[in-house]
Amino acid sequence: MAEVIASSSPSPVSVRAIPRSDADRHEARAAWMLAAPAILLTFLFIILPVCAVVTLGFTDFELGYSGFRFVGFENYAELLNDRTFKQSLWNTFIYAAIVAPVSIFLALGLAMLIEAEGIGRSFFRTAYFLPVASLIVAMATVWQYLFHPSIGPINALLALVGIEGPNWLGASSTVLYSLALIGIWQTVGFNLVLFLAGLTAIPRDLYSAAEVDGARSAWDRFRLVTWPMLGPTTLFVTTISVINAVKVFETVKTLTEGGPNKASEVLLFTIYQEGFVYLRVGYASAMTVVFLLILIVLMFVQYRIQDRQVHYT
Amino acid sequence: MTSNGFPPARIARLALLGFGALVFLSPYIFMISTAGKTQSDIFTSSLTLIPQRWYFFENFAKAWSRVSMPTLLFNGVVVCLLILVIQVIVAVPCAYAMAKLKFRAARAMMVLVMLGLLVPIHATALPLYVGFDRVGALNSYVALVAPFTISVFGIFLFLQFFRSMPDDLIHAARLDGMSEVGIIARVIVPNAWPAITAFSIFSVVAHWNDLYWPLIVVSNQAYATPPLGLLYFRAAEAGDDYGALMAATLIITFPLVAAFLLAQKRFVEGITMTGLKG
Amino acid sequence: MSALSLRAIEKSFNGNQILKGVSLDAEPGEFIALVGPSGCGKSTLLRILAGLETADSGMITVGDQDLTKLQAAACNVAMVFQSYALYPHLTAAQNIAVPLVMRRLTRAQRLPLLGPLMPGQRQAVAEIKRDVRDMAVSLKIDHLMDRKPGQMSGGQRQRVALGRAMVRRPAVFLMDEPLSNLDANLRVHARGEIVDLHRRAGVPTVYVTHDQAEALSMADRVAVMIGGALLQLAPPAVIYDDPRHIEVAKFVGQPRINLLSMQVDTDGTVGFGEARCGLSRIDVAAASSVTLGIRPEFVSVSREGRGMPAKVERIEFLGSEIIVHSRLDQSGDTMIAKLTPAEGAGLTAGMPIRLNAAPERLFVFAQDGRRLFSTPVMDSDLRERAYG
Amino acid sequence: MSALSLRAIEKSFNGNQILKGVSLDAEPGEFIALVGPSGCGKSTLLRILAGLETADSGMITVGDQDLTKLQAAACNVAMVFQSYALYPHLTAAQNIAVPLVMRRLTRAQRLPLLGPLMPGQRQAVAEIKRDVRDMAVSLKIDHLMDRKPGQMSGGQRQRVALGRAMVRRPAVFLMDEPLSNLDANLRVHARGEIVDLHRRAGVPTVYVTHDQAEALSMADRVAVMIGGALLQLAPPAVIYDDPRHIEVAKFVGQPRINLLSMQVDTDGTVGFGEARCGLSRIDVAAASSVTLGIRPEFVSVSREGRGMPAKVERIEFLGSEIIVHSRLDQSGDTMIAKLTPAEGAGLTAGMPIRLNAAPERLFVFAQDGRRLFSTPVMDSDLRERAYG
Amino acid sequence: DTTLTVHYPMPGFFKDVMDTISKKFMEENPDITIQFANPSATYEEGIQTIMRQAGTSEMPDLTFIGLNRLRMADERGIPVDMGPLIQNDQNSMAEQGFSDTILKLAQVNGKQVGLAFATSNPIMYYNADLVKQAGGNPDNPPKTWDEVIALGAKIKALGNGVDSIDFRWQGDDWMFSALLFGAGGTMLNEDESEVTFNGPEGQKAMEIIDRMVKEAGMPVFTKPAGEQAFVAGKVGFAFQTTGALRNTIKNVGEKFDLRTAEIPLIDPENGKLPTGGNAVVILTKDEAKQDAAWKFAKFAAGPYGASVVVPGTGYVPNNELAAKSPEYLGDFYKENPLFQAGLKQMPRMIPWYAFPGANGVRVTQAIVDNTSRVVDQSATPQEALDDAASEVKRLLPRK
Ligand SMILES: Nc1ncnc2c1ncn2[C@@H]1O[C@H](COP(=O)(O)OP(=O)(O)OP(=O)(O)O)[C@@H](O)[C@H]1O
Ligand SMILES: Nc1ncnc2c1ncn2[C@@H]1O[C@H](COP(=O)(O)OP(=O)(O)OP(=O)(O)O)[C@@H](O)[C@H]1O
Ligand SMILES: O=P(O)(O)OC[C@H](O)CO
Ligand SMILES: [Mg+2]
Ligand SMILES: [Mg+2]
């Protein structure tokens, strides 16, 4: 409590002894005010809609029909037997299992090459980043053409070396891999930029130390310095890559519509299809809930496993 | 490590990088080539990059006139800028409070931020659509912008950046007589440009290219964004006008590429400094 | 009435008491150096003074300014930070102008585009510019005014930071290790400049440092703080020659004072070889074991003759002086002696030597660290007799 | 044959010549300190020695091995970095083991999972563990072996870095400012430890520092490098008392040497007040203007009497000594004198004083910085006569 | 003044057409302004957009719905019943060429939910150059599927990356219907209680697809891939809607000699063909707007509209007046022989079957998915049909 003494003394002498909680309260109030818009918007545009989705997941709501009733776990029970959903889960898994690791390691390799190279850094950076910045709606058309089984440049090039190219987007056996290729093309640049940033932050001295310690080959230095020092970057890149891979949608929507015969059905596409095409909002919401749970579990597990290992303090 | 001389290892490295760049750029090469071709020149069985008839002007003219390109670009710029500005105005103070003020809720907010990172617009589109309909806000800039005004990614990124800013700087500002808002406006933001640039690239790239949400909330062409406009060209049923489509794509992609080229140095710097790398 | 006064300031962080009731008064225009080892709470005290932190209890008065409930922004206290904390995006001139802008212009006048339209803004801005320029001239940094901190050297930055703190003529001036980021040569030079500036400004100053040489050479009075408590507040020579506490003696002086634990003799004296001093009866009654302190420059070394036998362990040559590290044959304690090169000539590691000290230069400390009053016993014969 | 020898090492970066033909020999077991101001090329030379950088020309031999073209990994040279450059993801034990693992295990044996299956791997690993432990014990860091660098203090990290460098018994030992990240007290302490370790290991060591006190107190010989050239390589006392170049005299000694530009008198002498010394005929013929150097500890101060009249500007009290800054009445040059407190008692700023110097302590430098041979002229009457 | 918001699908086909029609309409009706909502890329996306927007303020006043989705829209109560409007206008309707047959195309269970705007039927496109090279006579194109398959095999044998056939089975069930109806089959039985497309007619239909793959080496094309390959001159025959004719002509340019012909029928006697295309539908419930909307609907689907749509796309006229009157299209067909194939098939057109119930879209998808199994040879025609039938059965409303 502020205690004013010597109020009778000629020159007003005063004291500062505010109890701690008072000052802290002032700071906390400022903090709340600064964070308030963010909290409000998060609530409005993330929390509330997620709650709505969870609620809708227990109903049979269909767009176009008014009214709905609560059906408990019926939607979830139906999911268990839904062939499309299972196929779509599996496809998403395969897609992510290809795109995430390949784009991470490719980006890492390219980043190290660029970092080691003196000239053309910004050119290469831009060249590899360009796909990240491009309109997939439009690029899909180009890819569709590049992948064309008979007039496409890829197969034409393969034919030059005597290989009969596959029917990339047309055959159910290859469509997912073709989409994965596009996915990699789209993701590498993003990861690359992050890795480049990570690489520049590694102290040069560590490489010198490794050399003096007898790390003769580039591989030894990679194992001893680069890889461990990139740990936090790799964790972040992995997180982002996995999330993005699981969220694949645009290419499927624009190139294959999940076909042929569901060979390229992926989770978000199935959800979109159920919700906006078949208009079964309740059922789609149940799928969304499952999708969110998968993401959350994935991230939780990953952080538990990796976080310990990459932050060295 | 140095750039003088061309030993074999270096030649191999350059060759590898060059080849990779060629592969990554090849779709663009075809795009540019196609934008210069007549409709009948495009799907031929012979692979030529050079158009037989130079048709760039016609295709660009067509792209410019068939959809109202100025409106599309204008909408794209307005939407992206609104989103970006609001995102920054909302995220920066929040991140500042979390990073530099004694704030009991900071931990809970951190959890919220991490969860928020996981929720894609695809997951919440349906309830949001219904909500916007209820308030009669479909087909407006509000509908295009509002759901993205909160960027948890932005909060996350700025948080990392602010944590690395020295406390003393903020103390000095308080001693100099600034309020918390004053500190944000006069000290934090002017020094957070690398982070803001990095974030801007992420944000603008994402929203300039977003198709999913505009497709749902916009049916009035007056509010169409560039990707939506491109869809006019991409009718599903028959062979489309690919030359013009590619020309339109180039027009729409160009601002982004230019922006990246201008900002790329700061962008990488920003990522490095935000500790996004870890 | 003193210009600045602290009364029984206490502060805890998470249950750890960092400041244990610190009281301090500064006269108008006085330069007080606050020294102490790292983590002893110097910065915390300074931050409380600046209003950046609040004390758990105690009171602060600055002249007749009412500090109660005042926030940092409102107190008329200026501070220079160890990191300088200059605004990296502003030029030197703008940096120095900030405190004036924040205090003299209204919120409306500060607005980027509208500001200049407000009544009185022009004149106020012109005044600020003039004050900034005057400050820059007096700090000899007027040629740097358009550079940003990133384009300045450490010493230049430090001066800009000083300028920013002084320009608004604060009632109290606080500095937290303002020189620790400078290299050795510059540091010595900057010391002189700060003392000079302080003299011209005449504002009471609290200067935090953990460099005892800085404190001794700059301050009117030195406050030695150890573990959250002020152990001694006195002029530099007194701190050095008459430390009130063993920690003060240990902290001040480079190389460090030699400390030897020993028992008080039955005759109430204690000493090093021939040099002995007597303690008061009361002290002798209270404690039979004490610590003897001898500063290295008062240890003399001879190859033979009287004195405590010891063996040279290591010799450090420092150009104008030589530090001899030796180990006493009897107790095994290490002793450091500071000699001129001439005195130390011919000494080598392993050599047996004799150490002596001047009895009037012995400090005796009780076990709780308190300095004990002692009188040199000059006549060794007298002592001999008492012994018998 | 010397243990380590550099011959005419040159190195340029982007057309700037950083090293201008550096030659240096070290005896077995010798400790050489390489000092010089920041940016003079010390680290560059060390990196060339370690094989991390290749010289443009010149030759390096260690024992009888020609290192000039060898890669870092192949030379038996160990190095301690200023930043310590410890691997943050490895424990102290693992850090120390790295050079052994890299040298003693084959690539196959180092594989994460398959390694232990390779023949001989077990035994080699056990040996490495033993050596690491021995090293840790000798550095007194065996209790830290499971911590990562992030969990250690500066001093502990520095010791781990030393351990990593020494564990493989290198033929040459290089250190690049290994103490500059420690605080002052720890630094003094660590000096002693490094000297000790060096003595036990007996390996020729090149120790880079920009702290002249460190160099003087630790090294057998000090190499002073300025602007890419070695100006002098000699034992510490010689460097201090007999500098061959003005830059050496300027760089070594704290506070800095007093330097006065002056004309040589017609009688071929030059001096400070009464203290004068004569130059050789040749030198006098070559240059009439020289620089006179006087170390502060050889300047004496008196209130009156003979000597150069000056005015006290500032007095720095440092406990065991007092630094008097004064300005010469005639030339306006500043002079620094280092006195004991007793000698300096009673001096205050503004007081007129007289300065004197010992003629045998005067250094004379030519305009190109070379030290000139000079003999003290003791009898002032003699000089008087020559004048007439 | 009234402003009408109009939504339509497939801007690739219709944008120019719509612009021309609305411009003319506004000239004739200065008190009405037409503005277009964002077009949807396909019929499916169009109907989805409308169903999402139904009841919201964003719902357009008029839209164009695929003929097979009228039923679904009606079940959700989206379209305005045009019956009363036609009643009021009885005379002028006939005058403007809206015959009963034409009106029927856009009726659901007897209720007039729209006016057919563009109608199509499936035709055969062929590359005369390839046909000639393979030894066929371009002037006498194959009349039966056996001939198509045999000639296709020869074209395939030309090598050099040339493919035989692009049969547009993807996207929806329309082209399967073409084979099924051509054999005289139906999707469901009369009272819509039983699946019948897996009967003998269906089997014949599916076997044709199977043989195209087995005997003529038809590849698995995606929709755009097939189009591109054909216009690149790399495919012998393409079977798809006549609506794509204008675009195909443009894309082929001078690259090869493009011809069209009637599509072969498994049962040349009784075979029928599904009617593709769309109908204009009034959505606005606002009485005042409904009048204007009706005016525009009649205008678009009327003779003037048809005279714009037919040459601009390739659709067959849905308006008898337009087809016959020289004022509109009389001379057009004489001058443009490629457009005649569709015209000649008009008598065989029956409605594109629309499945009942809420799962219409999924039923279509089930048929397409199973057809794709035949095309990529992962199922026999029998298996595919049986699987499709059982899936569809599950999706139909239980009675
Ligand atoms: N905000 C805080 N929260 C918790 N503990 C703190 C806080 N600020 C300081 N401390 C602790 O208080 C003690 C004193 O810190 P302070 O910064 O005052 O020391 P110092 O004397 O300035 O040291 P140095 O010379 O290293 O700057 C330290 O142990 C520190 O860890
Ligand atoms: N790789 C390099 N490329 C270009 N210039 C370099 C490089 N390495 C060093 N230099 C330059 O060479 C000069 C000497 O550098 P060096 O690091 O050897 O100095 P130093 O004596 O160790 O200084 P310090 O005491 O600050 O460590 C500096 O001017 C530096 O800028
Ligand atoms: O394009 P349309 O109107 O002829 O419709 C036909 C089908 O949609 C083609 O699959
Ligand atoms: Mg401090
Ligand atoms: Mg260096």
> If you tally heavy-atom pairs under 4.5 Å against chain C, which of D:Ser38, D:Gly192, D:Pro296, D:Ala219 wins?
D:Gly192
> Considering only heavy atoms, which portion of D:Tyr240 lies under 4.5 Å from any heavy atom of chain C: side chain, backbone, both, or neither?
side chain
> Apply the side chain to side chain contact (heavy atoms under 4.5 Å, CB included) test between D:Ile194 and each candidate in D:Arg159, D:Arg199, D:Met175; give the one that qualifies.
D:Met175
> Look only at the side chain of C:Glu214 and the backbone of C:Asp211, and say whether a donor-acceptor pair between them is shorter than 3.5 Å.
no
> Begin with the C-alpha distance, continue with both residues' side-chain angles, and end with the deciding distance and a verdict on side-chain contact (heavy atoms from CB on, under 4.5 Å) for C:Cys40 and C:Ile226.
CA-CA 6 Å; C:Cys40 71; C:Ile226 312 268; 5.7 Å; no
> So what's closer than 4.5 Å to chain D heavy atoms on C:Glu321: side chain, backbone, both or neither?
side chain
> Given that the side chain runs from C-beta out, which part of D:Arg314 has a heavy atom under 4.5 Å from chain C: side chain, backbone, both or neither?
side chain
> Identify which part of D:Ala237 has an atom lying under 4.5 Å from any heavy atom of chain C, answering side chain, backbone, both or neither.
both
> Where the side chain of D:Arg371 meets the backbone of D:Phe365, is there a donor-acceptor pair that is under 3.5 Å apart?
no
> Ignoring hydrogens and geometry, is there a side-chain-to-backbone donor-acceptor pair from C:Lys338 to C:Val324 under 3.5 Å?
no
